[in-house]
S.K.: 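Have a look at the structure that comes next, please.
Each residue takes its place number in the sequence, starting with 1.
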Amino acid sequence: MNKKKILITGYKGYIGSFLKKNLKNVFTFKNLNLNKIPNNKSLKNYSHVLHFEFLIKNSNKNLIRNLQNMKKIINICKENKIFLIFPSTASFYYKNKKRISNEIKVINEYTLAKKKCEKIILKEYKKKNLKFTILRIFNVYGGTINNKYYINHLIKKFKNTKVKIKLGENVRDYIHILDLISLIKRCILLKKNGIFEAGSGKSISIKGISDILSKLSSKNHKIVYLEPNKTEKNYYSKSKISRTIKTFKWKPKIKLEQGLKDLINTY
């Protein structure tokens, strides 16, 4: 049986690189350079586009560039009848730790770009020009300490016996990179249209993670929590994954404590 051929942008990024590394025996991946798009004839045997390339730094210039790239991707998918998988943001409105809207909460140019990209995708889907899966991905961790994600930053702090931490009451939902990769694999195979959340379904505070890291360490830490205790806005997040579990016959398997232990061992 021939392997599915997948186009991927952002193939050198955190998720893209792990995707290729862990699924190279299942799928054939080809880097899609949006600055030099190949002709349609060369794309006819590809079944999916995974659009992971996204400019993160907040600026109007990057906002415009991200939207331009999304339109290029849409055109490729429309012209070649290719299924789109797009990772979106998981920024929502909460009140007293309860989500009050499933609309993306715009807090900067990055989240605004993600929201606008979703609207472009949905517009083409309604016109029956496009098939897609959008994954609203929560906080990803694991696999490597060599990136700028917050958990990695926190682990490095615990090399010292005295640890100073701000925003200790911030609460987040963390999904291990390998659980996310297994979900993306299911998305490729099943090709379900819609917006789905990718998380653990659980949330934990920065203080909670710090307690786990201290327990896993052989050192006796003195943890000092500094002001501010939490961000004024966007201090809480928790995924709703029941629909994702049901649709893709998938569920996260790696518990946070085990994931942190494995990550510490790579450091």
S.K.: Side-chain contact test, heavy atoms from C-beta onward, threshold under 4.5 Å: evaluate it for Pro87 versus Phe54 and give yes or no.
M.R.: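 No, too far: nothing below the 4.5 Å cut-off.
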S.K.: If you draw a 6.0 Å radius around OH in Tyr125, do more than 12 non-hydrogen atoms from other residues or ligands fall strictly inside?
M.R.: no
S.K.: Please tell me if the side chains of Lys185 and Ile181 come closer than 4.5 Å, counting only heavy atoms from C-beta onward.
M.R.: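 Result no, sub-4.5 Å side-chain heavy-atom pair not found.
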S.K.: Give a yes or no on this: more than 12 heavy atoms of other residues, nucleotides or ligands lie within 6.0 Å of atom NZ of Lys156.
M.R.: yes
S.K.: For side chain to side chain contact (heavy atoms under 4.5 Å, CB included), just list the numbers for Glu109 and Asn66, CA-CA rounded to whole Å, side-chain angles, deciding distance to a tenth of an Å, and then say yes or no.
M.R.: CA-CA 10 Å; Glu109 284 89 349; Asn66 283 327; over 6 Å; no
S.K.: Report yes or no: do Thr111 and Asn108 form a side-chain donor-acceptor pair below 3.5 Å?
M.R.: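 Result is yes, a qualifying pair exists.
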S.K.: More than 12 foreign heavy atoms under 6.0 Å from CD of Glu79: is that the case here?
M.R.: yes
S.K.: Looking at Phe29 versus Tyr11, is the centre-to-centre ring distance below 6.0 Å?
M.R.: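 Here the rings of Tyr11 and Phe29 have centres that are no less than 6.0 Å from each other.
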S.K.: Find out whether the Lys NZ or Arg CZ of Lys192 is both under 6.0 angstrom from the six-membered ring centre of Phe248 and within 45° of the ring's axis.
M.R.: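 Judged by the rule (NZ or CZ under 6.0 Å from the ring centre, within 45° of its axis), Lys192 is not positioned above Phe248.
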S.K.: Which heavy atom in Asp179 sits nearest to a heavy atom in Ile254, and how many Å separate them?
M.R.: OD2-N, 3.0 Å
S.K.: Using a strict 4.0 Å threshold on nitrogen-to-oxygen distance, state whether Lys127 and Glu124 make a salt bridge.
M.R.: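 Glu124 and Lys127: salt-bridged.
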S.K.: Quick check: do Lys202 and Leu256 have side-chain heavy atoms less than 4.5 Å from each other?
M.R.: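 In short, these two side chains do not touch, never coming nearer than 4.5 Å.
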S.K.: Where do Ser200 and Asp173 land on the side-chain hydrogen bond (donor to acceptor under 3.5 Å, both in side chains) test, with the steps shown first?
M.R.: CA-CA 6 Å; Ser200 67; Asp173 184 312; 2.9 Å; yes
S.K.: Taking the six-membered ring of Tyr46 as reference, does the cationic atom of Lys5 (NZ for Lys, CZ for Arg) lie under 6.0 Å from its centre and within 45° of its axis?
M.R.: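 Positive - Lys5 is close enough to the ring of Tyr46 and near enough to its axis.
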S.K.: Other residues, nucleotides and ligands only: do more than 12 of their heavy atoms fall within 6.0 Å of NZ on Lys207?
M.R.: yes
S.K.: Less than 4.5 Å apart, side chain to side chain, heavy atoms only: is that true for Lys131 and Lys81?
M.R.: no
S.K.: Please step through side chain to side chain contact (heavy atoms under 4.5 Å, CB included) for the pair Ile184 and Ile188, ending with a clear verdict.
M.R.: CA-CA 6 Å; Ile184 294 172; Ile188 293 171; 4.1 Å; yes
S.K.: For the pair Phe92 and Tyr94, name the ring-plane relationship: parallel under 30°, tilted 30 to 60°, perpendicular over 60°.
M.R.: perpendicular
S.K.: Going by an N to O cut-off under 4.0 Å, is there a salt bridge joining Arg243 and Glu197?
M.R.: no
S.K.: Looking at Lys72, I'd like to know if its NZ atom is crowded, meaning that more than 12 non-hydrogen atoms belonging to other residues, nucleotides or ligands lie closer than 6.0 Å.
M.R.: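 Yes.
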S.K.: Just checking Asn265: does its CG atom have more than 12 heavy atoms from other residues, nucleotides or ligands closer to it than 6.0 angstrom?
M.R.: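 Yes, because the 6.0 Å sphere around CG of Asn265 holds more than 12 heavy atoms from other groups.
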S.K.: Report the C-alpha separation of Lys253 and His176 in whole Å, then their side-chain angles, then the decisive distance to 0.1 Å, and conclude whether the side chain to side chain contact (heavy atoms under 4.5 Å, CB included) test is met.
M.R.: CA-CA 9 Å; Lys253 295 181 179 180; His176 195 277; over 6 Å; no
S.K.: Does Phe132 reach the side chain of Cys77, with side-chain heavy atoms less than 4.5 Å apart?
M.R.: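 No, too far: nothing below the 4.5 Å cut-off.
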S.K.: For a 4.5 angstrom cut-off between non-hydrogen side-chain atoms, does Leu19 reach Phe52?
M.R.: yes
